[in-house]
Amino acid sequence: SAIVFPKTIATEQQSLLLVKRLLAVAVSCITYLRGIFPESAYGTRYMDDICVKILREDKNCPGSTQLVKWMLGCYDALQKKYLRQIVLAVYTHPEDPQTVTECYHFKFKYTHNGPLLDFGSKDKSESPISCADTKKASILLIRKIYILMQNLSPLPNDVCLTMKLLYYDEVTPPDYQPPGFKEAEYEGLMFNEEPMYLNVGEVPTPFHMLKLKITTEKQRMENVDKNILKQGKTDEPLQVGTDDPEEESQDM
């Protein structure tokens with residue numbers, strides 16, 4: 001019943017396992033706390049002292065089964081080091097999946113020569129990343145997801161999910177599609193209302209970097225206590241902005 005962190009992250013395989021587990025926990029927590037699937041679609045696990053809900057295949061909930069399949073496709077692309085970004089988007093009109101109301105961006109970097117810390121951080125030093133650092137960052141990321149999801153205004157009752165994968169084109173074969181995915185028919189995603197961007201956090205390992213960003217409609221942020229975004233003096237605060245500084249999301 002526990003989600004176990006490896007004692008050491010000495011190999012790429014151990015790092016990959018941790019990133020997969022963390023991704024499963026994050027996606028499960030987001031969909032659970034945003035009320036996307038019923039309680040029956042989740043099992044309970046413990047990650048350190050945090051009780052987390054983990055999505056599972058529930059025959060009474062085809063949507064949860066579909067998302068589990070998508071996650072397995074993500075793992076395939078992650079394992080091959082092709083995956084650059086997962087975009088989990090929520091939309092409200094089944095006939096218009098391009099117009100979204102909330103988006104979760106999981107970005108990945110792979111380091112071939114051990115640690116890399118330059119994921120937008122000011123500190124460019126290549127100091128080794130310890131297992132304790134990775135564990136602390138992982139738990140902090142999940143805590144931030146919990147706090148934020150519980151404070152955002154709720155989503156509309158009937159919503160649909162879509163998942164888009166972006167690749168590192170220079171290494172990904174042009175015809176590659178992981179199980180459960182097909183070539184996108186249209187390029188962009190857009191918001192009806194004014195969006196707000198939140199940099200939630202990042203988790204480094206000696207072999208991978210996972211970063212999570214959320215985009216939601218500005219009105220959903222109105223009830224979020226500004227102190228929540230500045231969680232204590234020691235932790236990295238959630239950064240909020242109305243302009244996305246990264247061009248990646250504009251060419252999505």
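Numbering starts at 1 and runs along the sequence shown. Only a predicted model underlies this, so the values are computations on that prediction, with no experimental measurement involved.
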Item checked: Minimum heavy-atom distance between L165 and P178, given as atom pair plus value -> CD1-CG, 3.7 Å
Checklist line | Heavy-atom donor-acceptor pair, S28 side chain to L55 backbone, under 3.5 Å | finding: yes
Next item on the list: Starting at CD1 of I129, measure out to CD1 of I9 and round the result to the nearest 0.5 Å.
Entry: 9.0 Å
Next item on the list: Just do the side-chain contact (heavy atoms from CB on, under 4.5 Å) check on R220 and E193 with the steps written out, would you?
Entry: CA-CA 10 Å; R220 258 181 225 126; E193 306 288 331; over 6 Å; no
Check: Of all heavy-atom pairs between F191 and E102, which one has the smallest distance, and what is that distance?
Finding: CE2-N, 3.9 Å
Margin query: Do K135 and D48 make a side-chain contact, defined as non-hydrogen atoms from C-beta onward lying under 4.5 Å apart?
Written below: yes
Notebook entry, point to check: Should L17 and M209 be counted in the same cluster of Ile, Leu, Val, Met, Phe, Trp and Tyr side chains packed under 4.5 Å apart?
Noted result: no
Margin query: Could you check whether any side-chain heavy atom of Y110 comes within less than 4.5 Å of a side-chain heavy atom of E12, counting everything from C-beta outward?
Written below: no
Checklist line | Set of residues satisfying salt bridge (Lys or Arg N to Asp or Glu O under 4.0 Å) with respect to D49, sequence neighbours excluded | finding: R143
Next item on the list: Grab the two heavy atoms, one from G43 and one from R56, that are nearest each other, plus how far apart they are.
Entry: CA-NH1, 3.8 Å
Margin query: Keeping T99 on the side-chain end and D96 on the backbone end, is there a donor-acceptor pair under 3.5 Å?
Written below: no
Next item on the list: Would you indicate whether the side-chain heavy atoms of N192 and T101 approach each other to under 4.5 Å?
Entry: no
Next item on the list: Could you list the residues that satisfy side chain to side chain contact (heavy atoms under 4.5 Å, CB included) with P97, not counting sequence neighbours?
Entry: Y91, Y186
Notebook entry, point to check: Closest approach of S153 and R34, non-hydrogen atoms and distance?
Noted result: O-NH2, 2.9 Å
Checklist line | Spacing of SG belonging to C74 relative to CD1 belonging to I86, to within rounding of 0.5 Å | finding: 3.5 Å
Next item on the list: Take H208 and L18 through the test side-chain contact (heavy atoms from CB on, under 4.5 Å) and record every step on the way to the result.
Entry: CA-CA 10 Å; H208 295 87; L18 181 132; over 6 Å; no
Checklist line | Sub-4.5 Å side-chain heavy-atom contact between T65 and K59 | finding: no
Check: Hey, mind stepping through L166 and K107 against side-chain contact (heavy atoms from CB on, under 4.5 Å) and telling me if it holds?
Finding: CA-CA 9 Å; L166 286 77; K107 299 183 179 183; over 6 Å; no
Note to self: Less than 4.5 Å apart, side chain to side chain, heavy atoms only: is that true for Y46 and V52?
What the structure shows: no
Check: Side chains of K53 and L33: closer than 4.5 Å at any heavy-atom pair?
Finding: no
Check: To the nearest 0.5 Å, what is the distance between CD (E57) and CD (Q66)?
Finding: 10.0 Å
Check: Looking only at heavy atoms, what is the nearest atom pair of Y168 and T172, with distance?
Finding: O-OG1, 2.8 Å
Check: Distance from L16 atom CG to R21 atom CZ, nearest 0.5 Å?
Finding: 11.0 Å
Notebook entry, point to check: Say you draw a straight line from CD1 of I214 to OH of Y104; how long is it, rounded to the nearest 0.5 Å?
Noted result: 5.0 Å
Notebook entry, point to check: Below 4.5 Å, heavy atoms only, C-beta onward: do T92 and D158 meet side chain to side chain?
Noted result: no
Margin query: Taking the side chain as everything from C-beta on, heavy atoms only, tell me whether L22 gets closer than 4.5 Å to I142.
Written below: yes
Check: When Y32 is tested against each of F37, Y42, Y146 for ring pair (Phe, Tyr, Trp, His ring centres under 6.0 Å), which residue passes?
Finding: Y42
Margin query: Using a 3.5 Å distance criterion without hydrogens, assess whether the side chain of K218 forms a donor-acceptor pair with backbone atoms of E194.
Written below: no
Check: What distance separates I30 CD1 from L88 CG, expressed to the nearest 0.5 Å?
Finding: 7.0 Å
Checklist line | For the student: nearest non-hydrogen atoms of H105 and Q85, plus distance | finding: ND1-OE1, 3.1 Å
Next item on the list: Please report the C-alpha distance between Q14 and F207 in whole Å, then the side-chain angles of each, then the deciding distance to 0.1 Å, and finally whether the side-chain contact (heavy atoms from CB on, under 4.5 Å) criterion is met.
Entry: CA-CA 9 Å; Q14 288 168 328; F207 300 91; over 6 Å; no
Margin query: Below 30° counts as parallel, above 60° as perpendicular, anything between as tilted: where do the rings of W70 and F181 land?
Written below: tilted
